[in-house]
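Below is one structure; the comments refer to it alone.
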Amino acid sequence: MHLVYPAVLSALLFCVGLYGVLARRNAILLLMSVELMLAAVSLNLVAFDVWLRDEAHAGQVFTLFLIALAAAEIGIGLAIVLLVYRERGTSAVDRLRDLRDTPGPAPGPAEDPDGPNGPDAATGRGRRDPTEKTAP
């Protein structure tokens with residue numbers, strides 16, 4: 001078997017996955033694109049393992065680890081996406097700007113019970129009530 005065929009197929013799969021990561025805004029489609037890229041890497045590992053006739057089959061072993069990594073990634077990623085969808089009502093990546101950590105106003109001495117040298121004095125951020133909703 002020629003090495004060119006799986007290498008070209010792997011390159012095409014990787015390019016489609018890269019396009020999906022760069023062009024899509026839906027979080028589910030981003031995860032699917034990352035999975036395509038991991039599949040392309042797996043195909044390359046197995047193809048080179050067969051081509052090099054490795055006695056230890058290191059390419060196949062790495063592919064098994066990559067499959068386990070991909071399963072963990074998709075499980076955690078889908079859990080995060082579902083949680084964000086329940087909280088925000090959308091899975092569009094562009095609309096999730098509230099997840100950024102933006103510096104707030106510096107707390108005054110009356111607001112900070114720990115005084116001017118308390119734990120939040122170094123960051124310059126005030127404490128917020130965890131039940132308080134932020135504006136979108």
Side-chain angles (χ1 to χ4, degrees):
M1 176 175 88
H2 293 288
L3 185 62
V4 174
Y5 300 128
V8 168
L9 180 62
S10 175
L12 288 175
L13 275 175
F14 194 84
C15 288
V16 168
L18 186 64
Y19 173 75
V21 167
L22 295 176
R24 301 291 180 196
R25 297 296 170 233
N26 189 345
I28 301 291
L29 293 176
L30 284 173
L31 287 173
M32 289 174 58
S33 299
V34 169
E35 289 296 319
L36 270 177
M37 292 168 60
L38 289 174
V41 171
S42 295
L43 180 63
N44 253 345
L45 285 171
V46 171
F48 276 98
D49 182 51
V50 169
W51 185 65
L52 293 173
R53 293 184 177 98
D54 187 17
E55 295 295 325
H57 298 291
Q60 294 178 18
V61 171
F62 283 137
T63 300
L64 287 175
F65 284 121
L66 190 63
I67 290 170
L69 177 78
E73 175 258 334
I74 200 69
I76 293 172
L78 279 177
I80 290 171
V81 168
L82 286 174
L83 184 68
V84 167
Y85 182 77
R86 284 184 192 162
E87 184 71 25
R88 307 275 189 236
T90 183
S91 63
V93 178
D94 289 343
R95 296 189 178 191
L96 300 178
R97 300 292 184 200
D98 290 343
L99 299 177
R100 290 188 302 192
D101 186 26
T102 56
E111 296 174 1
D112 194 4
D114 293 330
N117 296 326
D120 290 335
T123 60
R125 291 189 223 150
R127 292 189 182 100
R128 287 192 305 207
D129 185 19
T131 60
E132 178 181 274
K133 294 285 182 178
T134 58

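Just so it is clear, the model here is predicted, and its values are computed rather than measured.
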Report whether [X] and [Y] are members of the same hydrophobic cluster (ILVMFWY, side-chain heavy atoms less than 4.5 Å apart, transitive linking).
X   : Y   : answer
I74 : L29 : yes
L69 : V41 : yes
V4  : L12 : yes
L3  : L52 : yes
V34 : L45 : yes

I need the [X] [atom1] to [Y] [atom2] distance, nearest 0.5 Å.
X   : Y   : atom1 : atom2 : result
F65 : S42 : CZ    : OG    : 13.0 Å
S91 : I80 : OG    : CD1   : 13.5 Å
L43 : T63 : CG    : OG1   : 9.0 Å
L13 : S33 : CG    : OG    : 11.5 Å
E87 : L82 : CD    : CG    : 13.0 Å
L78 : L83 : CG    : CG    : 12.5 Å

Are the side chains of [X] and [Y] in touch, meaning some heavy atoms are under 4.5 Å apart?
X   : Y   : result
Q60 : D54 : no
L9  : Y5  : no
E73 : E35 : yes

Least distance between heavy atoms, L38 atom then A70 atom: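 Scanning both residues, the minimum pair turns out to be CD1-CB, 3.7 Å.
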Nearest atoms (heavy-atom pairs only) where L30 meets R24: CD2-O, 3.8 Å
Over 12 foreign heavy atoms within 6.0 Å of CE, M32: no
